[in-house]
Q: 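Once you've had a glance at the structure underneath, I'll fire off some questions.
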Amino acid sequence: MKESKNTSAAGPRCPYEKKCGGCQFVHLPYKQQLARKQQREQSLLGAFGRVQPIIGMKDPYHYRNKVHGVVATDRQGNGYTGIYEEKSHRIVRVDSCLIEDQKADAIMQSVAGLMKSFKMKAYREDTGYGFLRHILIRTGHHTGQIMVVLVTASPIFPSKNNFVKALLKLHPEITTIVANVNDRNTSMVLGEKEQVLYGKGYIEDVLCGRRFRISSRSFYQVNSVQTEVLYHKAVEYAGLTGKETVIDAYSGIGTIGIVASGQAGQVIGVELNKDAVRDAIANAKRNRIQNIRFYQADAGQFMVKMAAAGQKADVVFMDPPRAGSDRKFLDAVLRLKPGKVVYISCNPETLKRDLAYLTGHGYRVKRIQPVDMFPMTEEIETVCLLTRK
Ligand code: SAH
């Protein structure tokens, strides 16, 4: 069957659709996007049990709280931002995006617009010359706080005070500005060194009634509205009674563990990224949570140590990156024997692989709930409940 390309039913069209490639489903009406995702989940995960209907968004546009632009300058020295053309390193100019926060997009334009008068050149990957590489903007969905991260090729920021002043004059709503130095030839956006130019150096947001601080390099879910839906499901699946020992693996800034802590005996969070762990510890303190501890470690190694020490866990929340979990981690889960595993996944392919392993070793899949965290794209988030047979 040919797909209909009915513009009105599909909502606004994106002028950058072909060159960007970020939104594979933008040409489809939202209902059809959801149907496609449901089908894909069904074919990948249906063998494990009933796949619940995917939870979509009421308004599937401008949901991204994190916005990123690659910086470029034209022949006249005007700055602009865009994206790398799919499968290349050519920069396609993008002035607005259907899925990004609109305020953040406007600020990005303003930063680029200031470049010429400050004689600031975009960094060029091919020659290694130039200064400003990327602009990253994070907004707090509930708090309205805004962080602007200026990623530069060198630690020396000419006229930085005046640049900050000029930007704040255009956008007094910005709450913090950070200069991040990335002097390496890499596809990673952010470098290691950072200098706070204005404000606290991080933003805060409210999620499920708790307040979280988020620094530039910590992971934070990009769709705040659907994250609350996802976390509510995850905590509901855990069925906590207030006594359990809970592990929050791949904990990021501690969101899931902190949200679950009120209904648990104790929570142990484990996360690899140092900045994220620092945020998580601050977040526990900020929310006055006494029964949670965060550890900076590889989740698999940490779990192996826990199992070797004879420790027990009742519930394991796991929320690994796209590559999924690893054998070390899953084997440690099997040794720790939690009654419940709540697996949150942003990649149904690796989820399928990991579910196959767990169900082959004493676990049963009880619930499969897809949540649409990434409208217009083909990405699917899933939360699964597994119990011990
Ligand atoms: N649960 C958090 C973060 C999920 S994203 C949330 O919902 O916001 C996945 C997290 O896993 C990232 O913070 C990443 O830094 C972390 N991570 C990646 N590999 C890891 C590993 N081997 N061990 C522990 N954490 C890891």
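Indexing begins at 1, ligand by ligand and atom by atom, following the structure's order.
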Q: Report the relative orientation of the aromatic rings in His134 and His68; use parallel for angles under 30°, tilted for 30 to 60°, perpendicular for over 60°.
A: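 Ring orientation, 0 to 90° scale: tilted.
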Q: Going by an N to O cut-off under 4.0 Å, is there a salt bridge joining Arg93 and Asp95?
A: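 A salt bridge is present here (some side-chain N lies under 4.0 Å from a carboxylate O).
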Q: Quick one: side-chain contact (heavy atoms from CB on, under 4.5 Å) partners of Gln76, sequence neighbours excluded?
A: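 Here the qualifying residues are Asp74, Asn78, Lys116.
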Q: Please set out all donor-acceptor pairs under 3.5 angstrom arising from side-chain atoms of residues 380-389, sequence neighbours excluded.
A:
from   : atom 1 : to     : atom 2 : distance (Å)
Thr382 : OG1    : Glu41  : OE1    : 3.0
Thr382 : OG1    : Glu41  : OE2    : 3.2
Lys389 : NZ     : Thr359 : O      : 3.4

Q: Enumerate the residue pairs fulfilling side-chain hydrogen bond (donor to acceptor under 3.5 Å, both in side chains) with a member in residues 197-209, sequence neighbours excluded, ordered by first and then second residue.
A: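 As it turns out, the side-chain hydrogen bond (donor to acceptor under 3.5 Å, both in side chains) pairs with a partner in residues 197-209, which skip direct neighbours, are Gln145-Glu204, Lys200-Glu204, Glu204-Arg286, Asp205-Tyr220.
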Q: Write down, by chain and number, every protein residue that brings a non-hydrogen atom to less than 4.0 Å from an atom of ligand 1.
A: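 Within 4.0 Å of ligand 1, protein side: Phe219, Gln221, Tyr231, Tyr250, Ser251, Gly252, Thr255, Ile256, Glu271, Leu272, Asn273, Ala297, Asp298, Ala299, Asp319, Pro321.
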Q: Looking at Phe302 versus Tyr295, is the centre-to-centre ring distance below 6.0 Å?
A: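 Judged by ring-centre distance (under 6.0 Å), Phe302 and Tyr295 do meet the cut-off.
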